[in-house]
Amino acid sequence: MTSSETAPEHPPAPWDLAGTGHLTTWRVPATQLPSLPPGVRPVLVRGTALVVTAFVDYSPAGLMAYHELLAAVVVRHGRGLALSITDIWVDSATSIAGGRALWGIPKDLARFDGLSARLPDGLIASASFRTGRLPALPLPVPLPASVVQAQDARTLTSAVHAMARMRPARARWTIEPSGPLAWLTHARPLASVVAEDLRLRFGA
């Protein structure tokens with residue numbers, strides 16, 4: 001979606017979404033991180049930051065059904081911890097318009113095929129997850145968080161409340177080294193989970 005196109009109407013906040021997430025955490029050298037909003041700094045341990053990547057399949061059980069790929073940095077904002085989404089793609093123009101207007105989330109359009117996202121000029125990233133016989137946690141796990149983004153020259157904080165059954169997994173990611181997530185090519189994956197029965201309220 002370009003600036004010359006008229007943004008579609010989008011639902012007001014909050015958004016109640018449902019689906020399944022495939023998440024991996026990474027250690028990324030601080031020198032490789034993209035820029036972050038003003039007043040926000042990454043949480044560093046021995047010169048490395050913690051980053052979360054996720055493929056999320058939002059189902060019709062929620063407000064909207066669409067696919068998503070994102071990368072977010074764990075940051076410190078004021079006295080608390082939050083996530084700052086640096087890269088995100090979806091296959092819904094409505095989601096793009098709402099994410100940008102409501103929360104300053106820099107959503108762009110991509111084409112999805114399972115756990116794979118592509119731009120017209122090539123792959124962004126793909127992943128495979130294996131859960132094997134590892135059990136899911138028996139009860140839904142609440143995941144409160146804040147998302148901090150830059151919007152109109154200011155830093156905007158939005159509340160997120162999520163709940164899911166977390167199943168440990170083994171993941172293998174392919175990051176296109178010439179693509180927009182190239183900054184992750186020197187990252188070290190730490191842990192992966194599949195978030196089943198995901199329920200998410202964004203902008204609560």
Side-chain angles (χ1 to χ4, degrees), residues 17-30 32-34 36 42-43 48-62 64-75 83-92 95-96 99 105-137 140-141 143 145 147 149 160 162-200 202:
L17 303 171
T20 302
H22 294 77
L23 296 82
T24 296
T25 57
W26 308 73
R27 288 181 61 182
V28 181
Q32 301 296 317
L33 292 177
L36 296 170
V43 176
T48 62
L50 183 64
V51 172
V52 180
T53 57
F55 276 99
V56 187
D57 181 5
Y58 293 113
S59 76
M64 289 185 288
Y66 61 94
H67 300 89
E68 180 175 87
L69 167 64
L70 66 85
V73 181
V74 178
V75 297
L83 293 172
S84 186
I85 300 171
T86 59
D87 302 270
I88 182 169
W89 296 268
V90 298
D91 55 3
S92 163
S95 176
I96 291 174
I105 297 175
K107 295 185 178 183
D108 281 314
L109 191 66
R111 180 166 56 86
F112 288 77
D113 181 9
L115 302 185
S116 177
R118 302 185 67 88
L119 296 173
D121 58 354
L123 180 72
I124 303 171
S126 63
S128 61
F129 280 67
R130 294 178 56 191
T131 55
R133 298 181 179 179
L134 297 173
L137 296 180
V141 178
L143 304 168
V147 170
Q149 303 297 137
V160 181
M163 186 166 290
R165 291 180 355 109
M166 309 299 287
R167 184 181 295 274
R170 296 177 181 176
R172 176 174 294 180
W173 285 74
T174 299
I175 306 292
E176 171 54 49
S178 61
L181 288 181
W183 58 275
L184 283 172
T185 54
H186 298 291
R188 175 187 171 189
L190 295 176
S192 299
V193 297
V194 177
E196 301 175 344
D197 302 324
L198 174 65
R199 295 290 186 273
L200 183 149
F202 208 107

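For the single chain, residues carry numbers from 1 onward in sequence order.
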Query raised in the report: Should the ring pair His22 and Phe129 be called parallel, tilted or perpendicular, given that the plane angle runs from 0 to 90° and is split at 30 and 60?
Result: perpendicular

Report task. Measure the acute angle between the ring planes of Tyr66 and Tyr58, then classify it against the limits of 30° and 60° as parallel, tilted or perpendicular. Result -> tilted

How many angstroms lie between atom [atom1] of [X] and atom [atom2] of [Y], to the nearest 0.5 angstrom?
X	Y	atom1	atom2	answer
Phe55	Thr24	CZ	OG1	10.0 Å
Leu190	Trp26	CG	CH2	9.5 Å
Ser126	Ile175	OG	CD1	8.0 Å
Ile96	Asp91	CD1	CG	8.5 Å
Leu119	Glu176	CG	CD	10.0 Å
Ser116	Arg111	OG	CZ	8.0 Å

On a heavy-atom basis, which atom in [X] and which in [Y] lie closest, and how many Å separate them?
X	Y	value
Thr185	Pro177	CG2-CA, 3.9 Å
Ala162	Leu198	CB-CD1, 4.2 Å
Ala117	Leu69	CB-CD2, 3.8 Å
Arg199	Gly19	NH1-N, 4.3 Å
Leu17	Met64	CD2-N, 3.9 Å
Leu181	Ala125	CD1-CB, 4.2 Å

[X] side chain near [Y] side chain, heavy-atom distance below 4.5 Å:
X	Y	answer
Thr86	Trp183	yes
Val51	Leu33	yes
Val74	Leu83	yes
Val28	Pro42	no
Glu68	Lys107	yes

Requested in this report: Output yes when a side-chain donor or acceptor of Thr25 lies under 3.5 Å from a complementary backbone atom of Ala191, and no otherwise.
Outcome: yes

Query - Heavy atoms of other groups near Asp121 CG, more than 12 under 6.0 Å - result: yes

